[in-house]
2 protein chains.
Amino acid sequence: MKITIGDVAQKAGVSKTTVSRIINGNYNNNTEETVQKVLDTIKELDYRPNALAKGLKSSRTNVIGMVLSNLKNPFWANVLEGTEEACQELGFNLMICNSGEDPELEEQYIKEFQMRQVDGIVINPTAINTKLYNDLVMEEYPMVFINRKVDGIETHNVVVDNIKGAFMAVDHLLKKNRKNVVSIAYKNKYVSTWRERLEGYRAAMLAHGYSSSEFNILEIEREKGNIKGIIIDFLKSNPSIDGIFSTNNMITLEIVDAIKDLELKIPEDIAIVGYDETIWAKHLDPPLTTIKQPAKELGKVSAKILIETIQNNNFDKPQKIILQPELIIRKSCGATSASVVWAVKK
Amino acid sequence: MKITIGDVAQKAGVSKTTVSRIINGNYNNNTEETVQKVLDTIKELDYRPNALAKGLKSSRTNVIGMVLSNLKNPFWANVLEGTEEACQELGFNLMICNSGEDPELEEQYIKEFQMRQVDGIVINPTAINTKLYNDLVMEEYPMVFINRKVDGIETHNVVVDNIKGAFMAVDHLLKKNRKNVVSIAYKNKYVSTWRERLEGYRAAMLAHGYSSSEFNILEIEREKGNIKGIIIDFLKSNPSIDGIFSTNNMITLEIVDAIKDLELKIPEDIAIVGYDETIWAKHLDPPLTTIKQPAKELGKVSAKILIETIQNNNFDKPQKIILQPELIIRKSCGATSASVVWAVKK
DNA sequence: ACATTTCTAGAAAACGATTCCCAATTAGAT
DNA sequence: ATCTAATTGGGAATCGTTTTCTAGAAATGT
């Protein structure tokens, strides 16, 4: 049989009120003696409060929800890890779901979260459901958009500077004397990350004296299965390409394979910079130069901001946090290895 | 202001009872007309039931909890994806947490889940908290152990056949004429997966006529930072090694690097089979032969069994499900590529 | 026409906490 | 010794559902 607060009260010979107060740390209202008695009884009966009842009455659950779009991508696994860690530290629990970029599913999930009285939501938004987002802002539902911006929605937003990340990548390629740099990306006009990475590409090209007519961008539709094939075809018809900025870690692997299939050499024939520092980047052949995003921190910061909003109810100032990417230089752009540098110096 | 079932009842001119019945699909008890009226009112007011209240009263939440130990490992991200998918299909929501192999954290999380009246739990058990596990079995708390077995705990268990997986890996190496095969693993005596993979190694060795004195196993302690260094040292002092069975995908990457640092060639000098088919396995140089575990299915099946238990309350027969691993042959064991095979045939 | 059965739908009591408000006891002041 | 103020703890309402029990209406049988 489940033990309730009533059982504790009875056994300790006090009222439910008293027990409740003591559980919630309201010691100043009771004698030392009462507190001790109640605490002992709780331990004795191994009483555990029913979070549902508590939530129902207090309308706070200490649970946050997270809507992700692609669990499979290690980037998101890292983000999730950060969010989980923050929750743990701050005494919250985490519900997650996977929208798979489907706006309908996203909406359904968000509504489910709300029905469960989740205290707030971290969303990697599909960016399509603007009406839904606006409704949430209107009703002051604590919410953080993670990794993506959505125009016109005034809510907390934690992102990585994608323009800068892309700029660094392309700038690095151009400094390594590459003359024909292409940017390869998934096609998705709704999502700010893609837009910004292309913008960074353009900015870097312009900064190096290229004109916009010289921009070269390959956009791949996710649905089209054979990504490697598309890349091979592209490279065949653009034989002058000597540098690739890949905006997505899954695509990067296909690019590397495509280049090998064409029996070209990295970096001698084509240099590559990939987006996202993955577990495997430094183990590829050659090790991959990447733009590292602080994925775990992204998740952690988002959760912290959300929870702070929940606890302080401050909706006056939506926070816009921009984390900084980092260029990890490896051989895929022609970097010499550490030992060689040393030898040369010597 | 929040809309409750009472508001709907009032507006529709019926009682809360009626509304509740209709929400829960009890149409046969009401006239067509009443049903329609209530349904319309629900839509009109955009009424959304409070899951907390519902859960409190009915003591079913339609939420399951999942305790993972390492979100960062892509294997688990895939498992999680499967679990999430099953939840979605079956109308459940998912709470997750990350024990990080810490038994105390595991216990704390499981208790939190229970306080939240989660309907059941999927656990990747640290395997240390036997008392806790037993308590859960005793109180018939729906539970599934995933990926690991724990001796003496009578509960649902979904695993992959690790003995077989390891056997296939080592058998493959030996058939490729490797004479000195070592198994490299993390040291963890509590966890069935490690034990079984070593058992599979031994079985394969025995099957190929080796005696137990010829077994060669390198166990690495997770805490010791420099894994690559340990492997290099090991390979230096065991120069006859010509085949490696790596029981963990993170270690595999270090092994590959170690071998390259030693300027040895894969597979000519040392052949490798790795555990877990990761995104990057086929993109390594050379592409890696692996044992593929049906990770997503593992997660999915676990959730399904759990939810079925919840819905049917059948604790009589704990299910033991063993999924099958698969050998994915690539060049790291000396497999010729498909095209070469074709050329030779020709 | 009246008795009996079947439908339909409502009143009210849970579920297990929190919390407002009030009563009783004690302490302090005069 | 009496009155007021402060402390301590309890009664009961409440959160938003579900569900049992029951009553009235309608339908059926005689």
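By convention in this document, chain letters (A, B, ...) are assigned in the order of the sequence lines, proteins followed by strands, and residues within each chain are numbered from 1.
For the contact set between residues 12-20 of chain B and DNA chain C, defined by any heavy atom under 4.0 Å, the members are Gly13(B), Val14(B), Ser15(B), Thr17(B), Thr18(B).
Rounded to whole Å, atom P of dG16(C) lies 23 Å from atom CZ of Arg60(A). Here the P atom of nucleotide dG10(C) and the CD1 atom of Ile5(B) are 12 Å apart, to the nearest Å. One interatomic measurement links the two molecules: CG of Leu52(A) to P of dG16(D), which rounds to 14 Å at whole-angstrom precision. Distance Arg21(A) CZ to dT7(D) P: 14 Å, rounded to the nearest Å. In this structure, Gln10(A) atom CD and dG9(D) atom C1' are separated by 17 Å, rounded to whole Å. Atom CZ in Arg116(A) sits about 15 Å away from atom C1' in dG16(D), given to the nearest Å. Nucleotide dG16(C) holds its P atom 16 Å from the CG atom of Asn50(B), rounded to whole Å.
Salt bridge annotation for Glu44(B)-Lys11(B): present, with a cationic side-chain nitrogen under 4.0 angstrom from a carboxylate oxygen. Salt-bridge check for Lys111(A) with Glu107(A): passed, with a basic side-chain N closer than 4.0 Å to an acidic carboxylate O. Taking a cutoff of 4.0 Å between a charged side-chain nitrogen and a carboxylate oxygen, Asp151(A) and Lys149(A) do not qualify as a salt bridge.
For Ser58(B), counting side-chain heavy atoms from C-beta on, the closest listed nucleotide (dT18(D), dG9(D), dG16(C)) is dT18(D). Nearest to the side-chain atoms of Asn24(B) among the listed nucleotides dG9(D), dA17(C), dT18(D) stands dT18(D).
A side-chain donor from one of Ser15(B) and Thr18(B) sits under 3.5 Å from a side-chain acceptor of the other. Side-chain contact, Gln108(B) with Glu112(B): a donor N or O sits under 3.5 Å from an acceptor N or O.
Listed by chain and residue number, Tyr133(B) satisfy the ring-ring contact (aromatic ring centres under 6.0 Å, His included) test with Phe145(B) (two or more places apart in sequence, or in another chain). For Ile321(A), the side-chain contact (heavy atoms from CB on, under 4.5 Å) criterion is met by Val158(A), Val301(A), Ile305(A), Gln319(A), Leu323(A), not counting sequence neighbours.
The list of salt bridge (charged side-chain N to carboxylate O under 4.0 Å, His left out) pairs with a residue in residues 64-80 of chain A, not counting sequence neighbours, reads Lys72(A)-Glu81(B). Among residues at least two apart or in separate chains, there is no ring pair (Phe, Tyr, Trp, His ring centres under 6.0 Å) pair with a member in residues 63-85 of chain A.
Donor-acceptor pairing under 3.5 Å, judged by distance alone, is present between the side chain of Lys57(A) and the base of dT14(D). For Arg48(A) and dG16(C), a side-chain-to-base donor-acceptor distance below 3.5 Å is absent, hydrogens and geometry of angles not being considered.
Using five terminal pairs a side, the axes of the helix from dA1(C)-dT30(D) to dT30(C)-dA1(D) at its two ends make an angle of 50°, given in steps of 10 degrees.
Residue contacts for Ser59(A): at a heavy-atom cut-off of 4.0 Å it reaches no nucleic acid atom on any strand shown.
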